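Bear in mind that the values here come from a model prediction, so they are computed numbers and not experimental data.
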2 protein chains.
Amino acid sequence: MAGRSDREQDRPRDPAAGLALLWGEQGRPTRGPKPRLSPQRIAAAAAELADAEGLDAVSMSRVAGGFGVSAMALYRYVPGKTELVALMVESVLAEAPDLSRVPEGDWRAAVREWTRCCARVYADHPWLLGATAMRRQLMGPCQLSWLDAALAALEPTGLGAAQRHQVFLLLIGLVRNLAQQLGDHDEEGSEEWDRLSAELLARHADRFPALARAVAEGAFEPDGTDALAFGLDRILDGVEALMTGRE
Amino acid sequence: MAGRSDREQDRPRDPAAGLALLWGEQGRPTRGPKPRLSPQRIAAAAAELADAEGLDAVSMSRVAGGFGVSAMALYRYVPGKTELVALMVESVLAEAPDLSRVPEGDWRAAVREWTRCCARVYADHPWLLGATAMRRQLMGPCQLSWLDAALAALEPTGLGAAQRHQVFLLLIGLVRNLAQQLGDHDEEGSEEWDRLSAELLARHADRFPALARAVAEGAFEPDGTDALAFGLDRILDGVEALMTGRE
DNA sequence: TGGATGTGCTTACGGTATATACAGTTGTCT
DNA sequence: AGACAACTGTATATACCGTAAGCACATCCA
């Protein structure tokens, strides 16, 4: 109940060290006793813990406890918790998006597939949203390869590099917002929360006419439509309009 | 350096009490001494502190210290920190979007104006992103009035309620992602971070061909183009395509 | 005036990240 | 072989955090 965990927005005190760790550019020592752990194993265990109990459950103590060692032992492998979270993100993003199945040159299909893969990762690891909500994130190779894949998928559009980047931002924004929506919905006590909100809204319906109309029309009922597909189609249509309209 | 702050994803132990507080539906007592503080004043002070030093600086001690009282004194007005953050959000969202200037019926202008207002709030209060990154957020009247304004702006499109809601999600996603990008950029030590990243990317350029090409084209240079306007136009075009294509 | 009620404070607990100093282990070099 | 340096893991300590519980006092109603 007490002592919530971190927000990770403090910058690591030594960005270079953190990046070197993420990129696996650390000289491995030969002198002392064999290390029993490794940054990757620690990150994997932490990610597993986060999958099971949420990001808040990931504390140095808990993670270390899983290995039967003390909390301070982890600091031999990881500069600090900021870097540990970055490693967790990398470990989850290791499975690069598989865009081999899409037909050559069909950029819509490629972008669609990339977005779906991305959304699946966020769905499988709900803590990813919070872990990447930090400022000035340390970006590792896996994260960059996702970015690379998206930019590659967008190259057939003929858009400029800056615009490809902008579209990427749109896509990742869509995925992340949807992830937040989904994470909100399937939590315990959801029905009571919905009931409270509905009652409040009904009591103040006059203050929110457009919202009340939307609710009456069932805008917030969990219908079968795929929200991801909808947003994706809007973005793709917008990109298409840009292509045909100006080039 | 130690003791980072919370992530607010723990649910308040009593959602009903939190909501009542947000909606100002608490019976005011007459018996005891006049309260020297109020939830709103506390939230305003906390928001000011967050504006100046970031969300991490907002602790019960710090906020209470600003009033010259002890930390525990705040718990007479606010159930816990989760609710305090929700109140902070409400206080910042109190200035509802001003859509009176847009010409009647021009839904594109209205949506554009709403998005710009929203983006300005996020720019003025960078901590808003982190404060609303929680799950199952307590939604107060101010937040709902923003939602209402967006839905109202979308009504002239003739889209269904569910689709209006989806477009709203797209818009807020755009704003939030841009806020994260902007927050990333104007931090101290940004140039060193950029240098490190560029060097790493150059060293592994073969692993990220599309990314390398984009960098070479200057995709990540801070050019003068308005990223918000770009994403907004993509979304608006996508919506327009949906309107004309299917109805 | 008395009692009820609410305010503000003090103390304390269990949690967090992590700095520092130390003990034990292991490889390399003389 | 023996010395030494490097490395691992632990124990201790600091400085925070949110907050539960209880106490002393102020204020209003009867």
Side-chain contact check for A:A73: nearest option of C:dG8, D:dT10, C:dT25 is D:dT10
In whole angstroms, the gap separating P of D:dA6 from NZ of A:K34 amounts to 17 Å
note: B:D56, atom CG; D:dG18, atom C1'; distance rounded to Å ~ 14 Å
Any donor-acceptor pair under 3.5 Å from A:E90 side chain to A:Q143 backbone
yes
When rounded to whole Å, the CE to P distance for the pair B:M60 and C:dT16 reads 20 Å
Using a 4.0 Å heavy-atom cut-off across all strands, classify B:F67 as base, sugar-phosphate, or nothing.
nothing
note: A:E83, atom CD; C:dA17, atom P; distance rounded to Å ~ 13 Å
### Query
For B:M72, which contact category applies under a 4.0 Å heavy-atom criterion: base, sugar-phosphate, or nothing?
base
- Is a side-chain N or O of A:D148 found less than 3.5 angstrom from the main chain of B:L211, in a donor-acceptor match? yes
ask   = So does B:R203 pair up with B:E199, basic N to acidic O under 4.0 Å?
value = yes
Separation of C:dA19 atom P from A:K81 atom NZ, nearest Å, is 15 Å
A:L37 atom CG is separated from C:dT25 atom C1', nearest whole Å, by 16 Å
Reckon A:S70 has a side-chain N or O less than 4.0 Å from the OP1 or OP2 of D:dG9?
no
In whole angstroms, the gap separating C1' of C:dT25 from CZ of A:R36 amounts to 11 Å
Rounded to whole Å, the OH-C1' distance (A:Y75 to D:dT14) equals 13 Å
CD/B:E48: more than 12 non-hydrogen atoms of other groups inside 6.0 Å
no
